[in-house]
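Read through the structure below, which is laid out as C-alpha cells, and then see the notes.
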Protein chains: 2
Amino acid sequence: MKELLYLKDDQLKDLIEKIFVGYRETFSDSKKILDKYSIGLAHQKVIHLLSMYEGISISKLLAKLKVTKQSLNRVLKDLIKLEIVVFKKDEIDTRIKHVYLNEKGKKIFEEIFLLQKKRIYNALLDSSSEEVINFDKVLKKIING
Amino acid sequence: MKELLYLKDDQLKDLIEKIFVGYRETFSDSKKILDKYSIGLAHQKVIHLLSMYEGISISKLLAKLKVTKQSLNRVLKDLIKLEIVVFKKDEIDTRIKHVYLNEKGKKIFEEIFLLQKKRIYNALLDSSSEEVINFDKVLKKIING
DNA sequence: TATAATATGTCAATATAACTTACCTATAAT
DNA sequence: ATTATAGGTAAGTTATATTGACATATTATA
C-alpha cells in the first residue's frame with residue numbers, strides 16, 4: 001500500500017496545498033457582492049448554511065461553523081442590521097431559536113451563490129459523473145477522517 | 001447536462017460546504033504543534049510552501065499565498081526569530097531573495113506535517129486509486145476554473 | 001420540588017491575520 | 001536616462017476569532 005504514489009509525502013503536500021487553494025478560490029469569487037453589502041467571509045458562511053438548513057438552531061450553527069457563540073453573535077447582529085434574518089422560537093422547547101433567511105436574505109444569498117457556484121459548476125460540468133462522485137467520496141472521507 | 005443531479009444548486013451548496021469543512025479540518029489537526037512554537041495558520045502555510053518549493057522567491061511566495069507583502073513579512077519575521085528560515089540572494093539577479101527552511105525548520109515542518117497528513121493519508125488509503133486520481137482531477141479543475 | 005443541564009446572550013479584553021496607503025532602496029531592463 | 005521589478009517598512013485599520021466570566025430562561029432529572 002505505502003508504495004502508492006499518492007501516499008508519498010510529496011503528493012500529500014501537493015494535495016494539502018490544493019485543498020487550501022481550492023477553498024480560498026471558492027470563497028473569494030463572490031467578494032464583490034459581499035463588499036456591496038459590507039459583509040465578509042464569516043457572513044457568507046452563515047448565509048450559506050441558513051440557505052441549506054432553513055430554521056437551523058443556534059447551537060447547530062455553532063457546531064457546523066466551529067466558532068464560539070460570541071463570534072457567531074457578531075455576525076448574526078450584522079445580519080439583523082441588514083434585515084435579512086428572522087428567528088422563531090421552537091414551539092416545544094422554547095429555549096431553542098430557529099434562524100431563517102427572509103426574502104431579502106434569500107435574494108442576497110442567490111446573488112452571492114450565483115458568483116460562487118460558477119467555479120464549482122464549471123469544474124463539474126467539465127468532469128465525468130464518475131469523477132464527480134469520486135471527488136465527493138474522497139472529500140467526505142477527508143472530513144470524517 | 002443541467003439535469004445531472006450534482007449540477008443542481010443543492011448539490012453545489014453541499015459541495016461548497018464540504019470544501020470549507022475539508023479545508024478547515026485539514027488545517028486544524030496540527031494546532032497543538034503550532035501552539036508549541038507560538039505560531040499560527042499563516043506560519044504553517046508559509047512553512048508548508050517552503051518545504052514544497054525550496055528556495056522559492058518572495059514574489060512567488062506572495063503569488064501562491066495571495067496576501068500582501070506586509071502580511072507575509074510579519075510571518076517571515078516570526079520565522080526568523082524562531083531561527084528556522086534562511087535567505088540566499090539570487091546569483092544572477094541579486095534583487096531576488098530565495099527562502100529556505102534550515103534543518104530546524106525542516107524538523108518543525110515534519111512535526112506539523114506528521115499530524116496534518118494523517119487525515120489525508122487515511123482518506124486516500126481508504127480509497128481506490130481511481131477515486132484518488134479523480135479527486136485530484138476535479139480539485140485541479142476547481143482551482144483552475 | 002430542588003437541582004442540574006441546556007440553549008442562548010453578553011461584556012471585556014486580547015489575538016491573529018489580514019488590509020490600505022504611502023513611501024523607500026536596490027537592481028535590472030529598455 | 002528612465003522605467004520596471006524585487007523587496008522592505010511604517011502607521012493605522014479591519015475582520016474574525018479567541019478566552020473568561022457571568023446572566024437568563026427553560027427543560028430535564030434526582
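Note: hydrogens, waters and symmetry copies are ignored here, and every other heavy atom, side chains too, is used. So that the names make sense, note that chain A is the first sequence line, chain B the second, and so on, each numbered from 1.
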Exercise for the section: Quick one: label H43(A) by what it contacts on the DNA or RNA (base, sugar-phosphate, nothing), any heavy atom closer than 4.0 Å. Expected result: sugar-phosphate
Exercise for the section: Would you kindly give the CG-to-P distance between D35(A) and dT20(C), to the nearest whole Å? Expected result: 10 Å
Handout entry: Separation of dA7(C) P from I56(A) CD1 (nearest whole Å)
Key = 13 Å
Problem - Main-chain N/O of E25(A) paired to S28(A) side chain as donor or acceptor, under 3.5 Å - result: yes
Fill in the blank from the handout: Atom CG of N73(B) and atom C1' of dA17(C) are separated, to the nearest Å, by 14 Å
Exercise for the section: Map D78(A) and L62(B) onto DNA chain D by nearest heavy atom, then report which one ends up closer to the 5' terminus. Expected result: L62(B)
Handout entry: S127(B) and K137(A) side chains, donor-acceptor separation under 3.5 Å
Key = no
Handout entry: Atom of D126(B), atom of K141(A) and distance for their closest heavy-atom approach
Key = O-NZ, 2.8 Å
Practice task
Assign each of I58(A) and S38(B) to its nearest nucleotide of DNA chain C by heavy atoms, then name whichever residue's nucleotide is nearer the 5' end.
Solution key: I58(A)
Practice task
For K60(B), answer base if it contacts any base atom (sugar-phosphate contacts may also be present), sugar-phosphate if it contacts only those atoms, and nothing otherwise; contact means non-hydrogen atoms under 4.0 Å.
Solution key: nothing
Problem - Point-to-point distance, once rounded to the nearest 0.5 Å, from OH of Y121(A) to CD1 of I142(B) - result: 14.5 Å
Exercise for the section: Rounded to the nearest angstrom, tell me the gap between atom CG in L61(B) and atom P in dA6(D). Expected result: 14 Å
Practice task
Using atom CG of L41(B) as one end and atom P of dT16(C) as the other, report the distance to the nearest whole Å.
Solution key: 12 Å
Problem - Rounded interatomic separation in angstrom, taking NE2 from H98(A) and C1' from dT8(C) - result: 13 Å
Practice task
Classify the ring geometry between F109(B) and H48(B) as parallel (under 30°), tilted (30 to 60°) or perpendicular (over 60°).
Solution key: perpendicular
Exercise for the section: Report the distance from atom CZ of R24(A) to atom P of dA17(C), rounded to the nearest whole Å. Expected result: 16 Å
Handout entry: Flag for Y53(B)-E17(A): side-chain donor and acceptor within less than 3.5 Å
Key = yes
Problem - Side-chain N or O of S59(B) closer than 4.0 Å to phosphate OP1/OP2 of dT5(D) - result: no
Exercise for the section: May I ask whether L50(B) and I80(B) are part of the same hydrophobic cluster, defined by side-chain heavy atoms of I, L, V, M, F, W, Y residues being less than 4.5 angstrom apart, directly or through others? Expected result: yes
Practice task
For K77(B) and dG7(D), give me the distance from atom NZ to atom P, rounded to whole Å.
Solution key: 15 Å
Fill in the blank from the handout: For nucleotides 17-30 of chain D, 5' to 3', base contacts (B), sugar-phosphate-only contacts (S) and non-contacts (-) with protein non-hydrogen atoms under 4.0 Å give BBBBB----BS---
